[in-house]
*Asks:* 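Before I ask anything, here is the structure I am working with.
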2 protein chains.
Amino acid sequence: MANSNRKSDEETTFAAVPKAVVSRLSLYLRELQQLLSEGKETVRSGELGSRLGFTDAQVRKDLTYFGQFGYPGIGYRTDELVQAIRQILGTDIEWRVVIVGIGNLGRALLGYKGFASQGFQIVAAVDADPKKAGLKVEGVEVHPIEQLGKIVKRCRARLGMVAVPAAAAQNVVDQLVEAGVEGIVNFAPMTINLPEHVSHVGVDLASELEQITFAVAKRWHAQQQS
Amino acid sequence: MANSNRKSDEETTFAAVPKAVVSRLSLYLRELQQLLSEGKETVRSGELGSRLGFTDAQVRKDLTYFGQFGYPGIGYRTDELVQAIRQILGTDIEWRVVIVGIGNLGRALLGYKGFASQGFQIVAAVDADPKKAGLKVEGVEVHPIEQLGKIVKRCRARLGMVAVPAAAAQNVVDQLVEAGVEGIVNFAPMTINLPEHVSHVGVDLASELEQITFAVAKRWHAQQQS
DNA sequence: ACATGTGAAAAAATTCACAGCA
DNA sequence: TGCTGTGAATTTTTTCACATGT
């Protein structure tokens, strides 16, 4: 292998990558950073996988969508793989993020320590309540909603996090799109409409709990049967 | 069809249901509740699907894992389908939930209005900081961490939400399991280990953003190619 | 006529199993 | 020897297309 990056010339299609692979990549990254902090210099696909509940083959297959990162007989160099995955996910550079809606959830997002360490910098906050304008929350100034577009552009925010009531979400999203953000995380429990060229992820807290109640109900059904 | 529930005698295996189906079910439910509030008495699979970005066939196939809920030539009765999905997800009954970690995120969860309407009742809060013990946040009393097990049992909480720092998460989870909770939502950016019989979902906020940066990077790659 | 429910076909994702390399 | 990378086989999930019911 060469000096630093192995197989850096990627001609990966990138389009054919399953969504599930990308979410596992995030988990691999988190686990590798943990491994790194534990002082492990290398890790085998089986180790990494079993920590997360995946098979060794799954880990290897996922990674080879993007290149060859391992050393036969050895495994993966932890630090190299961390760097490689950050590059794949695009978080080897800083992303500027604007938060809309400074209620309980917005405040929690503003104060969340996990963003900065992963390459996300919250550059501005916006709220519809005029009483909140001018406030500084977690060191970030809150602006009135009317200035959303201007703020996004001035701060060169590329991503938006929406933490407003469901009824206000679509309107906020439209303004974010208009202002030119490239991606949106929507915490409002509401389906939003977006143009093709803007990515989004919806996080619905009640829905997360429902995944669990279903699993519990499923176990109950299985039990009844026997 | 009969008086109220169509095909109520389910012999569904329940085990063979793909995970993705369950998360779509949550989205269907949310959309149906929206539809209901708009006064729509019936809805066709195509309508429901297109609002969420799915095909009509997908909607029908998902639902038939659990029974027959539609009326050929008509569609689905909105209110009936809402009730049916709640029953499938298990949220036709109330679930008592305990929150561990009353930092910014825990407070946001405590104040989140979307839980109650979906059948989740937050019955207790716990925090490691003794200064927080005795406080009432959003009408819920905060207890010291030492009493976690006792509180879970006294309140008969069946689910736990973990919003503590990563380093503390495994320990909290172990205590929740010991206390007998049936499911856990983990907001700490850390892999947790659980026995088979306890369900869990991990919500990693940075990971959600990474899904988007990847999508943006992907689009950039596609653009370069042309 | 029109929309559901559903086997069958197709597509996608995962797992297997082994060649190749350190 | 031990582990990666990867085609091939398998399994899972989605889509198709039409018989069936109202």
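Each chain gets a letter, A, B and so on, in the order the sequences are listed, and its residues count up from 1. In what follows, every heavy atom counts, from backbone to side chain, and hydrogens, waters and symmetry copies are set aside.
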*Asks:* For B:Leu48 and C:dA3, give me the distance from atom CG to atom C1', rounded to whole Å.
*Replies:*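 Atom CG in B:Leu48 sits about 14 Å away from atom C1' in C:dA3.
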*Asks:* Just how far, in rounded Å, is P of D:dT20 from CZ of B:Arg60?
*Replies:*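 Checked: the CZ to P distance equals 16 Å.
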*Asks:* One character per nucleotide, please: for nucleotides 7-13 of chain D, 5' to 3', B when the base has a protein heavy atom closer than 4.0 Å, S when only the sugar-phosphate does, - otherwise.
*Replies:* BB----S
*Asks:* For the pair made of CD in A:Glu47 and C1' in D:dT4, what is the distance, rounded to whole Å?
*Replies:*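 So the CD-C1' distance, A:Glu47 to D:dT4, works out to 14 Å.
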*Asks:* Could you check how far CZ of B:Phe54 sits from P of D:dT15, rounded to whole Å?
*Replies:*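 So the two atoms are 10 Å apart, to the nearest Å.
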*Asks:* Using modelled atom types only, decide if a donor and an acceptor are shared between the side chain of B:Thr55 and the backbone of B:Gln58 within a distance under 3.5 Å.
*Replies:*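 Yes: the side chain of B:Thr55 pairs with the backbone of B:Gln58.
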*Asks:* Less than 4.5 Å apart, any side-chain heavy atom of A:Val98 and any of A:Cys155?
*Replies:*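 They are not in contact (no side-chain heavy atoms under 4.5 Å apart), so the answer is no.
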*Asks:* Expressed in angstrom and rounded to an integer, what is the separation of B:Phe66 atom CZ from C:dG5 atom C1'?
*Replies:* 15 Å
*Asks:* What pairs with B:Glu178 under salt bridge (charged side-chain N to carboxylate O under 4.0 Å, His left out), at least two apart in sequence or on another chain?
*Replies:* none
*Asks:* Test side chain to side chain contact (heavy atoms under 4.5 Å, CB included) on A:Arg86 and A:Gln33; report intermediate values, then the result.
*Replies:* CA-CA 11 Å; A:Arg86 292 188 70 130; A:Gln33 288 168 332; 3.6 Å; yes
*Asks:* Looking at side-chain heavy atoms only, is the closest gap between A:Leu159 and A:Phe120 below 4.5 Å?
*Replies:* yes
*Asks:* Kindly point out which of C:dC18, C:dT4, C:dT6 is positioned nearest to the side chain of B:Gln68?
*Replies:* C:dT6
*Asks:* Of A:Thr55 and B:Val43, whose nearest nucleotide on DNA chain C comes first from the 5' end?
*Replies:* B:Val43
*Asks:* Are the side chain of A:Gln211 and the backbone N or O of A:Ser207 linked by a donor-acceptor pair below 3.5 Å?
*Replies:*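 Confirmed, A:Gln211 side chain pairs with A:Ser207 backbone.
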*Asks:* Relative to the 5' end of DNA chain C, which residue comes earlier, A:Gly73 or A:Val21, by the nucleotide with the nearest heavy atom?
*Replies:* A:Val21
*Asks:* How long is the line joining CZ of B:Phe69 and P of D:dG21, in whole Å?
*Replies:*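 The distance from CZ of B:Phe69 to P of D:dG21 comes to 19 Å, rounded to the nearest Å.
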*Asks:* Can you tell me how far P of D:dT4 sits from OH of A:Tyr28, to the nearest Å?
*Replies:*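 Computing the A:Tyr28:OH to D:dT4:P distance gives 12 Å.
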*Asks:* Among the candidates C:dG5, D:dC16, D:dG5, find the nucleotide nearest to the side-chain atoms of B:Tyr76.
*Replies:* C:dG5
*Asks:* So what does B:Arg44 touch, heavy atoms closer than 4.0 Å: a base, only the sugar-phosphate, or nothing?
*Replies:* sugar-phosphate
*Asks:* Give a yes/no on whether any side-chain N or O of B:Ser45 is located under 4.0 angstrom from OP1 or OP2 of C:dA3.
*Replies:* no
*Asks:* Give a yes or no on whether A:Glu41 atom CD has more than 12 heavy-atom contacts from other residues, nucleotides or ligands under 6.0 Å away.
*Replies:* no
*Asks:* Measure from CG on A:Asp56 to C1' on C:dT15 and round the result to the nearest Å.
*Replies:*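 Answer to the nearest Å: 10 Å.
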